[in-house]
Amino acid sequence: MRFLVAQSDTSLNRMIQTALHDNGYKTDEALSLTDAEYYTDIRKYDLILIDTNFGKDEVLNFIEEIRVKFPLTKIIVLSDNQHISEEIR
């Protein structure tokens, strides 16, 4: 399985990737939304972990594009926003 870790915090990105590698998963690192878009243009992912710090609207647009191109790809959104109204969309 191949995962895309799209997380703007370099140390958190590396920590997630290390944990995934240790459990046998292949990963790619995206430190920006531009990087994430590039990787999804050249590879198909089983799972994308994406950070909302890239901009909420931009991330939602990215997710919509992925849903069209790769409807079976699972997406987990990482957020430090604690407002319940933002949890489910």
(message) Is it true that, when you exclude R67 itself, more than 12 heavy atoms of the residues, nucleotides or ligands shown sit nearer than 6.0 Å to its CZ?
(response) yes
(message) With heavy-atom distances below 4.5 Å as the criterion, would you say the side chains of T40 and F62 are in contact?
(response) yes
(message) Could you check whether any side-chain N or O of T73 sits under 3.5 Å from a backbone N or O of Y45, counting only pairs where one atom can act as donor and the other as acceptor?
(response) yes
(message) Does any part of the side chain of V5, heavy atoms only, come nearer than 4.5 Å to the side chain of I48, both counted from C-beta?
(response) no
(request) Taking the side chain as every heavy atom from C-beta outward, state whether T18 and M15 have any atom pair closer than 4.5 Å. (result) no
(request) Would you check if L49 and L20 make a side-chain contact, meaning some heavy-atom pair closer than 4.5 Å? (result) yes
(request) May I ask whether L4 and L72 are part of the same hydrophobic cluster, defined by side-chain heavy atoms of I, L, V, M, F, W, Y residues being less than 4.5 angstrom apart, directly or through others? (result) no
(request) Please say which of T52, V59, D51 ends up in a side-chain contact (heavy atoms from CB on, under 4.5 Å) with S79. (result) T52
(request) Heavy atoms only: give me the nearest F70-R43 pair and the separation to one decimal. (result) CZ-O, 4.0 Å
(request) Nearest 0.5 Å please: distance from the CZ atom of F54 over to the OG atom of S32. (result) 6.0 Å
(message) How long is the straight-line distance from CD1 of I50 back to CG of L78, given to the nearest 0.5 Å?
(response) 9.0 Å
(request) Please tell me if the side chains of I75 and L47 come closer than 4.5 Å, counting only heavy atoms from C-beta onward. (result) no
(message) Within this structure, what is the CG-CD distance for the pair N61 and E37, rounded to the nearest 0.5 Å?
(response) 9.5 Å
(message) Return the CG to CG distance between N13 and D35, rounded to the nearest 0.5 Å.
(response) 9.5 Å
(request) Looking only at non-hydrogen atoms, find the nearest pair between A30 and A36 and report the distance. (result) CB-N, 3.5 Å
(message) So that I can tick it off, tell me whether D28 and R2 are bridged by a salt bridge, with the cut-off set at under 4.0 angstrom between side-chain N and carboxylate O.
(response) yes
(request) Find the distance between CG (D46) and NZ (K26) and round it off to the nearest 0.5 Å. (result) 10.5 Å
(message) If I take atom CD from residue E65 and atom CG from residue L60, how far apart are they, to the nearest 0.5 angstrom?
(response) 11.5 Å
(message) Within the supplied structure, the quantity of interest is the number of heavy atoms (other residues, nucleotides, ligands) at a distance under 6.0 Å from K44 NZ; does it exceed 12?
(response) no
(request) List the atom of E29, the atom of Y39, and the distance in Å for their closest heavy-atom pair. (result) O-CE1, 3.2 Å
(message) I want to check something: taking the side chain as every heavy atom from C-beta on, are I66 and V68 in contact at a cut-off of under 4.5 Å?
(response) no
